Amino acid sequence: MIRLASPMFGPDEEQAIREVLASGHLVQGRRVREFEERVAERTGSAHAVAMSSGTAALHASLLALGLGPGDVVVLPAFSFIATANVVELCGARPVFVDIDPGTFTMDPDLLDRCLAGVGSEDRERLRAVVPVHAFGRLADMDAIRRIAARFGASVVEDAACALGAASAGRSAGTWGRVGCFSLHPRKVITTGEGGVAVTDDPEIARSLRTLRNHGQDPMGEAFDSVSIGLNYRMTEIQGALGITQLGRLQGILRQRREAAGRYDEALRGSVLTVPPPAPAGAATHQSYVVLLPTDVADARAALIEGLGSQGIEATIGTWHMPLTTYFRTRYGYRPGDFPVTDDVARRALSLPLHERVTPAEQRFVADTLLARIDELMSGRRLVAHADRPRIGERP
Ligand SMILES: *Cc1c(COP(=O)(O)O)cnc(C)c1O
């Protein structure tokens, strides 16, 4: 199987884990601290706080900003569902904004219009804007930051897929008040599960450390809690993995960029829409996502299954969050509310991309995919004149 993602571990990771086990010290130790120092250094942040997942980092960040019931948080419609869930978990209300069809990230003009359009009552409760660096490509942070500031909202970056991306010399995760990275196995580097938040604000860093450890202030009294809190701590095993994985980051980013370039070359000019080139360094290529031709989008599930039967693991791009059962039911969103996300979420297809995918495998992926789409499209042309159901339509 040509896998979508394939984390790269070697003897260094095995040795690092063995050392943790031998030390008998599995949580709250020096490896997590060292990992945090290295992330802070790599991103150019004053503080990094390691967490048990990217979702935990996002949730704790919103809590650290004091978000609560009645507050409003603005985020893009197209992202992994965790981005919206954490807002809801704080008791706050998510307001979705449509995306730019080229970069799949929040459209700043629509953000501006959305913020200008919220009623005065909501405007007062508007607390945060959460841009997402979709598939590791930086959102238009200059514009988003400016607009958020104009409306008095804090920026919290969902940089889950973007560790290592930068624009104008500024790392993903450091454009707002807090930035959150994920270390899940489908991200650029991994600790199994894991996440880390970065910030320049010492008070937010302190809150994050307090929240992740049952409300115990790291600078406060022992056996006292100053707020309610969670157990969102990272283990020493994850910390040790994170240190070794960070050492590989630069090489991994280069290999991913090269692999993405090979897909670009093989697929550009075909019936597929390939992602437009990102400015140098501004994307991690966490996923390689193409858009299917509109008239085969309905057959995407069958296409994914067909590719699977030929040894190619493919999947959807990411989620249309407002149209999930929960958010649709709770807030009454409907198709048409976010036309770009409606279109992109139907057509997006994520192809295998990782450090070890070979040029020959990529060629096979491209050829197989194009052949299957060609079949679907010519099949469609044949039946278009007949009174038969169209391919991909339910009988
Ligand atoms: C992966 C991901 C998350 C969640 O990270 P976990 O570490 O899996 O909890 C959140 N947002 C986005 C955009 C992601 O891709």
Side-chain angles (χ1 to χ4, degrees), residues 4-5 7 32 35 39 48-63 73-90 94 96-97 99-100 103-106 128-139 141 144 155-165 172-173 175-176 178-198 208 211-212 230-235 237-239 241-242 245-246 256 283-289 315-322 324 327 341 344-345 348 350 353-354:
L4 266 172
V32 168
F35 175 65
V39 169
V49 183
M51 301 268 176
S52 52
S53 70
T55 306
L58 280 167
H59 185 206
S61 296
L62 295 182
L63 292 172
V73 176
V74 180
L75 65 166
F78 189 54
S79 180
F80 181 55
I81 196 66
T83 318
N85 279 347
V86 293
V87 175
E88 228 17 59
L89 280 168
C90 294
F96 297 98
V97 169
I99 56 167
D100 174 275
T103 64
F104 307 143
T105 60
M106 184 189 266
V129 174
V130 182
V132 177
H133 305 311
F135 312 120
R137 183 190 178 122
L138 271 173
M141 290 310 297
I144 290 169
V155 171
V156 176
E157 286 171 74
D158 181 342
C161 302
L163 182 58
W175 291 77
V178 202
C180 300
F181 301 104
S182 165
L183 301 159
H184 179 272
R186 264 208 74 192
K187 310 301 156 104
V188 181
I189 59 168
T190 184
T191 58
E193 297 281 359
V196 56
V198 293
L208 289 171
L211 285 160
R212 82 168 167 187
L230 298 139
N231 178 354
Y232 276 173
R233 296 187 305 253
M234 176 181 264
T235 67
I237 297 174
Q238 290 168 304
L241 273 177
Q245 288 273 293
L246 262 184
R256 283 176 172 268
T284 60
H285 306 284
Q286 178 266 338
S287 291
Y288 189 88
V289 176
T315 189
I316 64 163
T318 190
W319 298 42
H320 190 316
M321 299 191 294
T324 55
F327 288 99
T341 300
V344 165
S350 185
L353 184 84
H354 50 80

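Nothing here was measured: the structure is a model prediction, and the numbers come from that model. Computation of the quantities below employed the complete heavy-atom set of this structure, encompassing side-chain atoms and omitting hydrogens, waters and symmetry-equivalent molecules. Order of appearance sets the numbers: ligands from 1, and atoms from 1 within every ligand.
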For His184 and Glu193 the tightest heavy-atom approach is CD2-OE1, 3.9 Å

Answer whether the closest heavy-atom distance between the side chains of Val198 and Phe181 falls below 4.5 Å. yes

Notebook entry, point to check: In terms of side-chain heavy atoms, does Thr105 have a donor or acceptor partner in Asp100 at a distance below 3.5 Å?
Noted result: no

Dump all N/O pairs between ligand 1 and the protein below 3.5 Å as a table: atom names plus distance, one pair per row.
residue	atom	partner	partner atom	Å
ligand 1	5 (O)	Ser182	OG	3.3
ligand 1	7 (O)	Gly54	N	2.8
ligand 1	7 (O)	Ser182	OG	2.6
ligand 1	9 (O)	Gly54	N	3.4
ligand 1	9 (O)	Thr55	N	2.9
ligand 1	9 (O)	Thr55	OG1	2.5
ligand 1	11 (N)	Asp158	OD1	3.3
ligand 1	11 (N)	Asp158	OD2	2.7
ligand 1	15 (O)	Lys187	NZ	2.8

Polar contact flag, side-chain donor to acceptor under 3.5 angstrom, Ser287-Arg186: yes

Nearest heavy-atom contact between His133 and Ala172 is CD2-CB, 4.0 Å

Arg212 meets the salt bridge (Lys or Arg N to Asp or Glu O under 4.0 Å) criterion, sequence neighbours left out, with Glu36

